[in-house]
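Here the structure comes first, spelled out in structure tokens, and everything after it is commentary.
Throughout, residue positions are numbered sequentially from 1 according to the sequence presented. None of these values were measured; they are calculated from a predicted model. Keep in mind that the numbers below use all heavy atoms, side chains included, and drop hydrogens, waters and symmetry copies.
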Amino acid sequence: IAELKKLPRSGWKIKLGLNDSESVAEHSYMMSVMSMVLADMKSLNSEKVIKMSILHDWAESKIGDFMPDEIGYDKKSELENYAMTEILELLPQKIQSEYRGIWNEFLDRNTSEARLVHELDKLEMALQAKIYEKDVDPEKIKPFIISAVEQIIDPDVKKILVDILK
């Protein structure tokens, strides 16, 4: 997992040409902060939401950070599940089982907690895009913003997105 501190987020590096982009660990940290606050605001299970936001990129420590269009959804899912299994097998059985359940819940998106974490993933991307906007051509930022606008539907998260974009 410590490898995530050295792993740059590929979209920023490839699509914006940034040499010093945020790491996956920095992304995960910001997601955790957002998760804590939003889960509490929405009276969701904040412990589960925080754990889910921390777990959601663990597999990237083994496989790297692939952009959605880079290898295809099915192949990415297969690689992530294999990597997550390898990582979780290193933990005590009780924790392994709990974390596997949280990971599967994230993947299934069938709970309010999982849907929130997916939207916060997009919200954090939009926030980082706005941070990078001053350093790159704003036209290059647009696809990241459009993606967030299209995928965020929760009214509370949408309001924060609108505030970020102002």
(request) Find out if a path of hydrophobic residues (ILVMFWY) with successive side-chain heavy-atom gaps under 4.5 Å connects Val24 to Leu127. (result) yes
(request) Give, for atom CG of Asp156 and atom CE of Met41, the distance between the pair rounded to the nearest 0.5 Å. (result) 5.0 Å
(request) Report whether Val162 and Val157 are members of the same hydrophobic cluster (ILVMFWY, side-chain heavy atoms less than 4.5 Å apart, transitive linking). (result) no
(message) Could you tell me if the side chain of Val117 sits less than 4.5 Å from the side chain of Glu113, heavy atoms only?
(response) no
(message) Taking Leu55 as the starting point, is it possible to reach Phe66 by hopping between hydrophobic residues whose side chains are less than 4.5 Å apart?
(response) no
(message) For the CE atom of Met125 and the CG atom of Leu120, what is their distance to the nearest 0.5 Å?
(response) 12.0 Å
(message) Looking at every non-hydrogen atom in both residues, tell me the closest pair between Gln96 and Leu91 and how far apart they are.
(response) NE2-O, 2.9 Å
(request) List the atom of Ile50, the atom of Ser32, and the distance in Å for their closest heavy-atom pair. (result) CG1-O, 4.2 Å
(request) With the side chain counted from C-beta on, respond yes when Ile87 and Tyr99 share a heavy-atom pair under 4.5 Å apart, and no when they do not. (result) no
(message) For the CG atom on Leu90, are there more than 12 heavy atoms of other groups (residues, nucleotides or ligands in this structure) within a distance under 6.0 Å?
(response) yes
(request) State, yes or no, whether a side-chain contact exists between Thr85 and Arg100 at a heavy-atom distance under 4.5 Å. (result) yes
(message) Looking at Ser77, is its backbone amide N or carbonyl O close enough to the side chain of Asn81 to form a donor-acceptor pair, meaning the two atoms are under 3.5 Å apart?
(response) yes
(request) Can you see which heavy atom on Leu123 is nearest to which on Ile160, and at what distance? (result) CD2-CG2, 3.8 Å
(message) Donor-acceptor check, side chain of Lys158 to backbone of Ile152, threshold 3.5 angstrom: yes or no?
(response) yes
(message) Measuring only between side-chain heavy atoms, which start at C-beta, is Met31 closer than 4.5 Å to Asp57?
(response) no
(request) Measure the shortest side-chain to side-chain distance between Ile141 and Lys130 over non-hydrogen atoms and say whether it is less than 4.5 angstrom. (result) no
(message) Going by side-chain hydrogen bond (donor to acceptor under 3.5 Å, both in side chains), name the residues that satisfy it together with Lys75, two or more places apart in sequence or in a different chain.
(response) none
(message) Is it the case that over 12 heavy atoms from other parts of the model lie below 6.0 angstrom from the OH atom of Tyr132?
(response) yes
(request) Starting at CG of Asp121, measure out to CE of Met52 and round the result to the nearest 0.5 Å. (result) 12.5 Å
(request) Hey, could you give me the OG/CE distance between Ser35 and Met30, rounded to the nearest 0.5 Å? (result) 10.0 Å
(message) Within this structure, what is the OG1-CG distance for the pair Thr111 and Asn45, rounded to the nearest 0.5 Å?
(response) 9.5 Å
(request) Identify the two heavy atoms, one from Ser61 and one from Glu3, that lie closest to each other, and give their separation to 0.1 Å. (result) O-CB, 4.1 Å
(message) If you compare all heavy atoms of Ala114 against all heavy atoms of Arg109, which two are closest, and at what distance to 0.1 Å?
(response) CB-CA, 3.8 Å
(message) Test of understanding: clusters of I, L, V, M, F, W, Y form through side-chain heavy atoms closer than 4.5 Å, transitively. Do Ile63 and Met84 belong to the same one?
(response) no
(message) Under 4.0 Å between a side-chain nitrogen and a carboxylate oxygen: does that hold for Arg115 and Glu119?
(response) no
(request) Tell me, yes or no, whether the heavy-atom count around Glu86 atom CD, taken from other residues, nucleotides or ligands under 6.0 Å, exceeds 12. (result) yes
(message) Would you say that more than 12 heavy atoms from the other residues, nucleotides or ligands in this model lie under 6.0 Å from the CG of Asp108, or not?
(response) yes
(request) State the NE2-CG distance between His118 and Asp154, to the nearest 0.5 angstrom. (result) 14.0 Å
Please tabulate, for the side chains in residues 10-19, all donor-acceptor contacts under 3.5 angstrom to protein atoms that are two or more places apart in sequence or on a different chain.
unit_1: Ser10; atom_1: OG; unit_2: Asp65; atom_2: O; d: 2.7
unit_1: Ser10; atom_1: OG; unit_2: Asp65; atom_2: OD2; d: 3.3
unit_1: Trp12; atom_1: NE1; unit_2: Glu22; atom_2: OE2; d: 3.1

(message) For Val149 and Leu165: C-alpha separation, side-chain torsions, deciding distance, then whether side-chain contact (heavy atoms from CB on, under 4.5 Å) applies.
(response) CA-CA 10 Å; Val149 168; Leu165 297 178; 4.0 Å; yes
(request) Search all heavy atoms of Glu26 against all heavy atoms of Ser23 and return the closest pair with its distance. (result) OE1-N, 2.6 Å
(request) Might you work through the salt bridge (Lys or Arg N to Asp or Glu O under 4.0 Å) test for Glu98 and Lys94, ending with a clear yes or no? (result) CA-CA 6 Å; Glu98 176 193 355; Lys94 179 181 180 223; over 6 Å; no
(request) Treating Ile, Leu, Val, Met, Phe, Trp and Tyr as nodes and any side-chain heavy-atom pair under 4.5 angstrom as an edge, say whether Phe144 and Ile146 lie in one connected cluster. (result) no
(request) Report the residues that fulfil ring-ring contact (aromatic ring centres under 6.0 Å, His included) with His56, sequence neighbours left out, ordered by chain and then residue number. (result) His27, Phe106
